[in-house]
There are 2 protein chains.
Amino acid sequence: MDITPVTRTAVSDVVFGQLVAEILSGRLAAEEALPGERELAERFGVNRHAIREALKRVQQSGLVRISQGGKTRVLDWRANAGLDTLSQLVSAGALPPLQILRDIAEMRRSVAADAARLCAERASDEQRAAVLAAAESYPTDSASIADTFGPDMDFWTAVIEGTGNVAYRLGLNTLVAGFTEVGWQTVVDLGLGEEYVDRDAHIDLARLIVDRDAAGAHRLAEELLGRTVARIAAAIKE
Amino acid sequence: MDITPVTRTAVSDVVFGQLVAEILSGRLAAEEALPGERELAERFGVNRHAIREALKRVQQSGLVRISQGGKTRVLDWRANAGLDTLSQLVSAGALPPLQILRDIAEMRRSVAADAARLCAERASDEQRAAVLAAAESYPTDSASIADTFGPDMDFWTAVIEGTGNVAYRLGLNTLVAGFTEVGWQTVVDLGLGEEYVDRDAHIDLARLIVDRDAAGAHRLAEELLGRTVARIAAAIKE
DNA sequence: CGCAGCCCACTGGTCCAACCAGTTGACCTG
DNA sequence: CAGGTCAACTGGTTGGACCAGTGGGCTGCG
């Protein structure tokens, strides 16, 4: 027997999801006017308040412009949406999952590589020790990719924590959210993520950081994360 | 006479802002329970619906966990908030503006440098031409920093557009939003942003991109944006 | 006396209905 | 025909009622 916890979804969440999908997929073009709240409420078969809760969130995402008295209009999401919208792009089916995966991997590479450098440069002794400890928590060889996800998160979180850069910290959260949305089932299927299992490389990287070898840490991190980028790029080409 | 357009702020926006500020500033600690919606409505002096609209957005920002029947609890924003929360950090006064500025500048450096590389590698002819055109639109010498903001945005937008990386595109939006929130008054006051005015360097960079010199473009972009990072770092030290 | 189990008070979720407040354009007036 | 007026939209706000989970206190059985 396979039990999954029931997921009770709030109506406003459903409305939000559908509106976002309409916009990101381009079915609602930029500058186009949305139906009025009352009409949306009728069409969705829900109360107007639910529509408003959803609409406010769509606005927060930078996807529409709401103005009292006037109509609510769609914005060009590429020019106005924030990085947090990344994860919605997947579920909206606006872009092929593999492309989003590649984009995430590329951003991760440059951000994490720089983080490794900064961490080596200015992290405290405790923070650098934490990085090494996280690296050593990596499972040995035979572990499956799924089992490596946790330790990998811990490792990079420790590195980024060592930089003291909030933007990197929050950016990591967003990228992980986007990645999760794509689902690492895709990752497993494609045989991506060899890098994850490379325990030794992570320990080497941690040592470089502990030794304050900023340049070396930067180089190794870039190489390490570049592997994933290359794999995805290869998968796309097929 | 100095006329500023009146800004009519929705009550739910005010509530949202205050709640976010309470959380980001740490006055509401993680795992702490928020007052009930009915009590919040009474304390803010607004209707419960307004509270709910705000609360839903706070949830979307990853700052609270809402559960029907149970109480709404605060989350650890460093571990759960997305990059879009960056701009709120400023207005909430959770962190010194200069630190946020530094963090943004650092992230911009690594992202934009990588974007320059990728753009040189794989942008179409039209896209690379657009980059060059944007660079040439830079004002000459005597322009003030404020006047350079527009052209600078255009230039980097063109570069990132050339990479075809959505994550970079959306990330740029978020970083700019955060930067704007800090207010470039701070930037001007500190005499930061010499880089902005360096028209020649941008044209050189554009040429490297047009010539598909990925490594060269990466190096120059990193140097160019690194100037800002260094300036801010120096300002912080004082 | 101890504890299982019920029950109610409290949480958030949804709905209905009304009214306020800007925006817009059709229409009427001079 | 130019101008101003006003009514019919738009979103913004309020009140109140009720549904639906949660959790702790109380009750009553063993």
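Residue numbering restarts at 1 for every chain, and letters A, B, ... go by the order of the sequence lines.
- Atom CD in E37(A) sits roughly 16 Å away from atom C1' in dA17(C) (whole-Å rounding).
- For R48(B) against dG13(C), a side-chain-to-base donor-acceptor contact under 3.5 Å is present.
- In this structure, R38(B) places its CZ atom 14 Å from P of dA9(C), rounding to the nearest Å.
- No N or O donor and acceptor, one from the side chain of H49(A) and one from the base of dG13(C), sit under 3.5 Å apart.
- Between G70(A) and G45(B), the residue anchored nearer the 5' end of DNA chain D, judged by the nucleotide with its closest heavy atom, is G70(A).
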Got a list of side-chain donor-acceptor pairs under 3.5 Å for residues 64-73 of chain B, not counting sequence neighbours?
unit_1	atom_1	unit_2	atom_2	d
R65(B)	NH2	E31(B)	OE1	3.1
R65(B)	NH2	E31(B)	OE2	3.1
R73(B)	NE	E31(B)	O	3.0

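- Counting to the nearest Å, the P atom of dT10(D) and the CZ atom of R52(A) are 14 Å from each other.
- Atom CD in Q68(B) sits about 14 Å away from atom C1' in dG23(D), given to the nearest Å.
- Separating the CZ atom of F16(B) from the C1' atom of dT13(D) is a distance of 19 Å, rounded to the nearest angstrom.
- Rounded to the nearest 0.5 Å, atoms NE2 (H202(B)) and CZ (F155(B)) are 5.5 Å apart.
- Of the candidates dG12(C), dC15(C), dG15(D), the closest approach to any side-chain atom of I66(B) belongs to dG12(C).
- Taking the side chain of V11(A) as heavy atoms from C-beta on, and the options dC15(C), dG21(D), dT13(D), the nearest nucleotide is dC15(C).
- Within 4.0 Å (heavy atoms only), L55(B) reaches no atom of the nucleic acid at all.
- Ring-plane geometry between F149(A) and F179(A) is classed as parallel, the angle between the planes falling under 30 degrees on a 0 to 90 degree scale with a further cut at 60.
- The residue among G69(A) and K71(B) whose nearest nucleotide of DNA chain C lies closer to the 5′ end is K71(B).
- Remark: K56(A) does not engage E53(B) in a salt bridge, criterion side-chain N to carboxylate O under 4.0 Å.
- Separating the CD atom of E42(A) from the C1' atom of dT10(D) is a distance of 16 Å, rounded to the nearest angstrom.
- Residue R8(A) places no side-chain N or O under 4.0 Å from the OP1 or OP2 atom of dT14(C).
- Taking 4.0 angstrom as the limit, T72(B) places a side-chain polar atom (N or O) nearer than this to OP1 or OP2 of dG12(C).
- In this structure, E39(A) pairs ionically with R43(A), as a charged nitrogen and a carboxylate oxygen lie closer than 4.0 Å.
- One atom, CG of L40(A), and another, P of dG11(D), lie 8 Å apart when rounded to the nearest Å.
- R73(B) places its CZ atom 14 Å from the P atom of dT22(D), with the value rounded to the nearest Å.
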